[in-house]
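Below is one structure, written out as structure tokens; comments come after it.
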Amino acid sequence: MTATPDVIVLFSGGLDSILAAKLLEDQGLKVRCLHCVSPFFGDEAALPRWRRLHNLDIASLDVSEDFAALLRRRPVHGFGKVMNPCVDCKILLLRHARLYMEAVGARLLASGEVLGQRPMSQRRDTLHVIPRDADVTGLLLRPLCARLLAPIPAEENGLVDRTRLLSISGRGRGEQLALAERFGLQEIPTPGGGCRLTERENARRYWPVLTRRADAAPSLARDFALANLGRQFWRQDDGRDYWLSVGRNNTDNKRLAAAAGPDDALLSLTGLPGPLGLARHGATWPRPLLEEAAALTASYAPKAVAVGGLTALRASWKNSALELAVPPQRAGTPWSEPSWEEVRAEIREEARLRREMPPRAAPGA
């Protein structure tokens, strides 16, 4: 890593953040990229490859708990079309980036934002709101569109040459692709935000966690990570929510086993190949509900279904285990995967109710 960087660049791994870093390096500045990770975005495993591919100094920072807390209290600036809190997300990342900048002795923050590229977080008004609420006004440079914005102190005092910054705007990628060719990038990342919260399929997994687990989970980030794995099923009984994850393949099974907490019950078939089920806090479930979850898990094992009759499964947690024998059963089960339509209706209703509540001040306002 660069001993003492001049500038910290928020780095998603996308083309715009790569180009922002390269533009500043081209001016002779020492650049360190900061890649933030959470259950919803980021790929820490990709860092070694990115370092080699783009010849960049890249560090990672886990913001999972703070991001989960943001969702728990709901974003001040609201969700986008799905469950994406884009403005609040950028504010949170910049707050972390400033702390990192100060810790390593850097002088400037930068991002790959482009004026008008994204409808929620890159409008001119939100490009002003974000640094204000993140308390980085005067510290944040947007090299790709800087000449369309007011200069910041780093441009005025000569740390950065404003005449060598750009004035890109809109959703086209022509100028970025030409710049990538100029810098000789070996690989052009495909366009897209890379955030799972922008996708309906993921939102229908995350929303039940947020609304049914937020007050009970000691680590909501851990629950959101589990929601990324396998099939997701929920059931209510006697006022309590029960959550089951069922692996789709061997990779899911391994990840579910690794994700299990001390009181999570792992449901595994005995003597037959099949999926692994994870019953969140299953050690505390009534036996009939464990049997239902085991029957549903077994229904995704083709050999168990073909054999018919009772399937043997083992429910295990911590230092305990329970042997079960249940018929594979899916049809008519009280367990369900919430649909996007159901989730969207709940999000909209909650937003309506919040609009009717007295406004709350934005952080730092």
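Residue numbers start at 1 and run along the sequence shown. Here the structure is a predicted model, which means the values were calculated and not measured.
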Open item on the list: Could you go through Asp26 and Arg182, starting from their C-alpha distance and side-chain angles, then the distance that decides it, and tell me whether this counts as side chain to side chain contact (heavy atoms under 4.5 Å, CB included)?
Closed with: CA-CA 11 Å; Asp26 200 42; Arg182 172 189 148 194; 2.7 Å; yes
Task: Residue pair Asp264, His281: steps toward the side chain to side chain contact (heavy atoms under 4.5 Å, CB included) verdict - done: CA-CA 4 Å; Asp264 294 335; His281 306 305; 4.0 Å; yes
Task: Side-chain touch Leu70/Ile91, heavy atoms, less than 4.5 angstrom - done: no
Open item on the list: Testing the basics here: between Pro151 and Glu156, what is the closest heavy-atom pair and its distance to 0.1 Å?
Closed with: CG-OE2, 4.0 Å
Open item on the list: I'd like to know if the side chain of Glu155 and the backbone of Ile152 have a donor-acceptor N/O pair within less than 3.5 Å.
Closed with: yes
Task: Heavy atoms of other groups near Arg200 CZ, more than 12 under 6.0 Å - done: no
Open item on the list: Minimum heavy-atom separation for Arg51 and Ile58, please, with both atom names.
Closed with: NH2-O, 2.7 Å
Task: Heavy atoms from other residues, nucleotides or ligands near CD of Glu181 exceed 12 (cutoff 6.0 Å) - done: no
Task: Spacing of CD1 belonging to Ile130 relative to OG belonging to Ser111, to within rounding of 0.5 Å - done: 8.0 Å
Open item on the list: Ignoring hydrogens and geometry beyond distance, is a side-chain donor-acceptor pair present between Asn55 and Glu25 at under 3.5 Å?
Closed with: no
Open item on the list: Looking at Arg280 and Asp223, is there a salt bridge between them, counting it only when a charged N and a carboxylate O are closer than 4.0 Å?
Closed with: yes
Open item on the list: As a test of understanding, state which of Leu229, Asn228, Leu278 forms a side chain to side chain contact (heavy atoms under 4.5 Å, CB included) with Arg255.
Closed with: Leu229
- [ ] State, without any angle test, whether Glu292 and Thr333 hold a side-chain donor-acceptor pair at a distance under 3.5 Å.
- [x] no
Open item on the list: Apply side chain to side chain contact (heavy atoms under 4.5 Å, CB included) to residues Ile188 and Leu15 and explain how you reach the verdict.
Closed with: CA-CA 7 Å; Ile188 308 298; Leu15 179 58; 4.1 Å; yes
Open item on the list: So, taking the atom named CZ in Arg32 and the one named CG in Leu24, what distance separates them when rounded to the nearest 0.5 Å?
Closed with: 15.0 Å
Task: Atom pair CG (Leu185) and CG (Leu19), whose distance is rounded to the nearest 0.5 Å - done: 6.0 Å
- [ ] Group every Ile, Leu, Val, Met, Phe, Trp and Tyr by side-chain heavy-atom contacts under 4.5 Å, then state whether Phe183 and Ile168 land in the same group.
- [x] yes
Open item on the list: Using every non-hydrogen atom in the two residues, find where Ser167 and Leu148 come nearest and quote the distance to one decimal.
Closed with: O-CD1, 3.5 Å
- [ ] Kindly indicate whether the side chain of Phe79, heavy atoms from C-beta on, has any atom under 4.5 Å from the side chain of Leu197.
- [x] no
Open item on the list: I want to check something: taking the side chain as every heavy atom from C-beta on, are Val82 and Glu199 in contact at a cut-off of under 4.5 Å?
Closed with: no
Open item on the list: Would you say that Pro275 contacts Asp252 through its side chain, given a criterion of any heavy-atom pair below 4.5 Å between the two side chains?
Closed with: no
Open item on the list: For Gly138 versus Pro153, what's the shortest heavy-atom pair and its separation?
Closed with: O-CD, 3.4 Å
Open item on the list: Could you check whether any side-chain N or O of Arg162 sits under 3.5 Å from a backbone N or O of Ala146, counting only pairs where one atom can act as donor and the other as acceptor?
Closed with: yes
Open item on the list: Given 3.5 Å as the limit, does a donor-acceptor pair link the side chain of His35 with the main chain of Ser60, or not?
Closed with: no
Open item on the list: Quick check on Arg248: does its CZ atom have over 12 non-hydrogen neighbours (other residues, nucleotides or ligands) under 6.0 Å away?
Closed with: yes
Open item on the list: Can you see whether Arg196 engages Tyr206 through a side-chain donor-acceptor pair at a distance of less than 3.5 angstrom?
Closed with: no
Open item on the list: Check whether Lys90 reaches the backbone of Gln122 with its side chain - one donor and one acceptor, N or O, closer than 3.5 Å.
Closed with: no
Open item on the list: I'd like to know if Leu92 and Leu61 are part of one continuous hydrophobic network [Ile/Leu/Val/Met/Phe/Trp/Tyr, side-chain heavy atoms within less than 4.5 Å].
Closed with: yes
Open item on the list: Would you say Leu94 ends up clustered with Val129 if hydrophobic residues are merged whenever their side chains have heavy atoms under 4.5 Å apart, either directly or through other cluster members?
Closed with: no
TODO: Give a yes or no on whether the backbone of Lys30 and the side-chain of Asp6 come within a donor-acceptor separation of less than 3.5 Å.
DONE: yes
- [ ] Working to the nearest 0.5 Å, report the span between CD of Glu187 and NE2 of His54.
- [x] 6.0 Å
Task: Gln236 CD to Ser336 OG distance, which is reported to the nearest 0.5 Å - done: 9.5 Å
TODO: Dump the intermediate steps for side chain to side chain contact (heavy atoms under 4.5 Å, CB included) on Lys22 and Leu179, then the final yes or no.
DONE: CA-CA 10 Å; Lys22 290 295 183 182; Leu179 195 59; over 6 Å; no
Task: Backbone of Ser268 reached by a side-chain donor or acceptor of Arg314 within 3.5 Å - done: no
Task: Basic-acidic side-chain contact under 4.0 Å: Arg73, Asp88 - done: no
TODO: Would you please indicate yes or no on a ring centroid separation below 6.0 angstrom for Phe67 and Phe41?
DONE: yes
- [ ] For residues Gly247 and Leu256, report the shortest heavy-atom separation together with the two atoms involved.
- [x] N-CD1, 3.4 Å
- [ ] Please examine the side chains of Arg98 and Ile8, heavy atoms only from C-beta on, and report whether any two atoms are closer than 4.5 Å.
- [x] no
Open item on the list: Using a 6.0 Å distance limit plus a 45 degree cone around the ring axis, check whether Arg212 lies over the aromatic ring of Trp234.
Closed with: yes
Open item on the list: Is there a side-chain contact between Arg231 and Trp335 in this structure, where contact means two heavy atoms from C-beta onward sitting under 4.5 Å apart?
Closed with: no
- [ ] Check for a donor-acceptor pair, side chain of Arg235 on one end and backbone N or O of Tyr242 on the other, with a separation under 3.5 Å.
- [x] no
Open item on the list: Count I, L, V, M, F, W, Y as connected when their side-chain heavy atoms are under 4.5 Å apart, and connections chain through other members. Are Val326 and Leu290 then in the same cluster?
Closed with: no
TODO: Indicate yes or no for a side-chain donor-acceptor contact from Arg213 to the backbone of Leu210 under 3.5 Å, with no hydrogens or angles considered.
DONE: no
Task: Shared hydrophobic cluster, Val246 / Trp317 (ILVMFWY, side-chain heavy atoms < 4.5 Å) - done: yes
TODO: Please test Asp43 against Arg49 for salt bridge (charged side-chain N to carboxylate O under 4.0 Å, His left out), starting from the C-alpha separation and ending with a verdict.
DONE: CA-CA 11 Å; Asp43 185 2; Arg49 180 174 178 275; over 6 Å; no
- [ ] Could you tell me the separation between the CD atom of Glu346 and the CD atom of Glu350, rounded to the nearest 0.5 Å?
- [x] 9.0 Å
Task: 4.5 Å side-chain heavy-atom contact, Lys254 and Thr251 - done: no
Task: Side-chain touch Asp133/His77, heavy atoms, less than 4.5 angstrom - done: yes
Task: Closest non-hydrogen atom pair between Gly274 and Ala301, with its separation - done: CA-CB, 3.9 Å
